[in-house]
Amino acid sequence: MERRDRERRGLDPYGFFVREGSLGRVGAEFAPVVAAARERIPEAYGQRLHSAYLYGSVPRGTARPGRSDLDLLLALHREPGDEDRDTAEVLGRGLDEDFPEIDGVGVLLYGKDTLLSEPERYDLGWFLACLCTPLLGADLAEHLPRYRPDGVLARETNGGLADLLPGWRSRIRDASTPREYRGLSRSFARHLVRTGLMLVMPRWGGWTSDLAESAEIFGRYYPGRAAQMRAAAAVALEPVADPAVLWTYVDDLGPWLADEYTARHGTRTPRRGG
């Protein structure tokens, strides 16, 4: 594989994934909100915090002012409790209200032992080591292995789609406002497109977080579903408030994708608590 092709697929010369984001790629428009997050996170969590990371479009340098959200992963010294989750909600709401450059804030909370655990080695561990950019504290990726685009990684990251679909159906039934429908459409579409890429990842031999590119790569292997996946990528970037779109995800594309994923890669290792 030539150097340029390896880099396009997110790989180093030895076939391992390269961490995709960096603080140096954060756009000037988003520098103030990142600086505020760096200041407010330790104020909010104090000694409970082990480390903090950015992920998503902001550290990749592809965020769009006023349309992209800010995604954070916080690793705590112990497993998060209700107080920690309440703190995350207040933290995210404050950043969202103070910075019009972002459209929402997502905060993932985990205990550091969970992030480094054997069951999460090829799921949360890969996510942290390859898709998250260190913002504060000691980088937990130093304790994780290098990763390749293989079947084990595919199974353990997105091999649980079938288990998610019943919950997705309940969330659609519970939603009632355009804002709620748009939020669900963005979340579901992102997950489906990334699962589609993971389905073909071992055959393609790489990874990209670009949703449009992910849909195109998927379509090379599943041309009969290519149009659906391209449409889902468009919704992930421009959410819609149409519940009919959401129902197609849980009644058609989602079940097909879950079945095909299981047939090709199997189901992921059961996690503690489900």
Parallel, tilted or perpendicular: ring planes of Phe188 versus Trp168, cut at 30 and 60 degrees: parallel

Pair Arg85-Glu89, salt bridge (charged side-chain N to carboxylate O under 4.0 Å, His left out): steps then yes or no: CA-CA 6 Å; Arg85 286 184 277 271; Glu89 183 177 348; over 6 Å; no

Co-membership, hydrophobic cluster, residues Leu109 and Leu116, 4.5 Å side-chain: no

Heavy-atom side-chain contact between Ser57 and Thr62 under 4.5 Å: yes

Taking every non-hydrogen atom, the tightest pair across Asn158 and Arg194: ND2-C, 4.2 Å

Derivation of the salt bridge (charged side-chain N to carboxylate O under 4.0 Å, His left out) call for Arg64 and Asp103: CA-CA 9 Å; Arg64 300 172 295 169; Asp103 180 21; over 6 Å; no

Shortest non-hydrogen contact from Tyr110 toward Leu108: CE1-CB, 3.9 Å

Chi angles and distances behind the side-chain contact (heavy atoms from CB on, under 4.5 Å) call for Leu73, Leu115: CA-CA 11 Å; Leu73 183 148; Leu115 291 166; 4.1 Å; yes

Backbone of Leu131 reached by a side-chain donor or acceptor of Arg19 within 3.5 Å: no

Backbone of Val235 reached by a side-chain donor or acceptor of Arg186 within 3.5 Å: no

Verdict with reasoning, Thr195 to Phe218, per side-chain contact (heavy atoms from CB on, under 4.5 Å): CA-CA 10 Å; Thr195 300; Phe218 167 86; over 6 Å; no

Donor-acceptor contact below 3.5 Å, side chain Tyr122 vs main chain Tyr147: no

Test item: Ser187 side-chain N/O and Gly183 main-chain N/O as donor-acceptor pair under 3.5 Å: no

Distance, nearest 0.5 Å, that separates CG of Leu253 from CD of Gln228: 5.0 Å

pair Glu156-Thr267: side-chain heavy atoms closer than 4.5 Å: no

Test side-chain contact (heavy atoms from CB on, under 4.5 Å) applied to Leu23 and Arg38, step by step: CA-CA 12 Å; Leu23 294 180; Arg38 187 197 296 270; 3.6 Å; yes

Side-chain heavy atoms of Arg182 within contact of Val240, under 4.5 Å: no

From His77 atom NE2 to Tyr45 atom OH, the distance as rounded to the nearest 0.5 Å: 13.5 Å

Contact summary for Ala215 and Val193, nearest pair of heavy atoms: N-CG1, 4.2 Å

Exercise: identify the closest heavy-atom pair between Arg148 and Gly15: CG-O, 3.7 Å

Heavy atoms of other groups near Arg179 CZ, more than 12 under 6.0 Å: no

Within the 6.0 Å centroid threshold, strictly below: Tyr55 and Phe127: yes

Evaluation steps, salt bridge (charged side-chain N to carboxylate O under 4.0 Å, His left out), between Arg264 and Asp259: CA-CA 9 Å; Arg264 183 162 289 274; Asp259 288 344; over 6 Å; no

Salt-bridge criterion met for Arg60 and Asp210 (N-O under 4.0 Å): no

Arg225 bridged to Asp252 by N-O distance under 4.0 Å: yes

Close side-chain approach of Ser51 and Lys112, heavy atoms under 4.5 Å: no

Euclidean distance, Leu161 CG relative to Met198 CE, rounded to 0.5 Å: 13.5 Å

Any donor-acceptor N or O pair under 3.5 Å, side chains Thr114, Glu79: yes

Arg220 side-chain N/O to Trp204 backbone N/O, donor-acceptor pair under 3.5 Å: no

Any donor-acceptor N/O pair, Glu97 side chain to Gly94 backbone, under 3.5 Å: no

Check against side-chain contact (heavy atoms from CB on, under 4.5 Å), His50 and Leu76: CA-CA 5 Å; His50 176 274; Leu76 306 182; over 6 Å; no

Distance, nearest 0.5 Å, that separates CG of Leu192 from OG1 of Thr248: 9.0 Å

Side-chain touch Phe17/Leu153, heavy atoms, less than 4.5 angstrom: yes

Reported CD-to-OG distance for the pair Glu29 and Ser68, which is rounded to 0.5 angstrom: 10.5 Å

Sidechain-backbone polar pair: Tyr181 side chain, Leu246 backbone, donor-acceptor under 3.5 Å: no

Single-linkage hydrophobic cluster, 4.5 Å side-chain cutoff, Leu54 and Val107 together: yes

Asp139 side-chain N/O to Glu142 backbone N/O, donor-acceptor pair under 3.5 Å: no

Side chain to side chain, Leu165 and Tyr249, heavy atoms closer than 4.5 Å: no

Close side-chain approach of Glu260 to Leu199, heavy-atom, < 4.5 Å: yes

Distance-minimising heavy-atom pair for Pro42 and Leu136: CD-CD1, 3.6 Å

Verify same cluster id: Ile172, Trp256 (apolar side-chain graph, 4.5 Å): yes

Salt bridge present between Arg78 and Asp84 (N-O < 4.0 angstrom): yes

Side-chain donor or acceptor of Arg230 paired with backbone N/O of Ala212 under 3.5 Å: no

Glu43 and Arg40: CA distance, side-chain angles, deciding distance, salt bridge (charged side-chain N to carboxylate O under 4.0 Å, His left out) verdict: CA-CA 5 Å; Glu43 289 177 353; Arg40 295 183 191 185; over 6 Å; no

NE2-OG1 distance between His265 and Thr157, expressed to the nearest 0.5 angstrom: 8.5 Å

Residues Asp69 and Arg190 bridged, charged N to O under 4.0 Å: yes

Same apolar cluster (I L V M F W Y, side chains within < 4.5 Å links), Leu140/Leu135: no

Over 12 foreign heavy atoms within 6.0 Å of CG, Asp174: yes

Single-linkage hydrophobic cluster Leu74~Leu144, side-chain heavy atoms < 4.5 angstrom: no

For the student: nearest non-hydrogen atoms of Tyr53 and Cys132, plus distance: CB-CB, 3.8 Å

Pairwise side-chain contact, Tyr222 with Val200, heavy-atom cut-off 4.5 Å (strictly under): yes

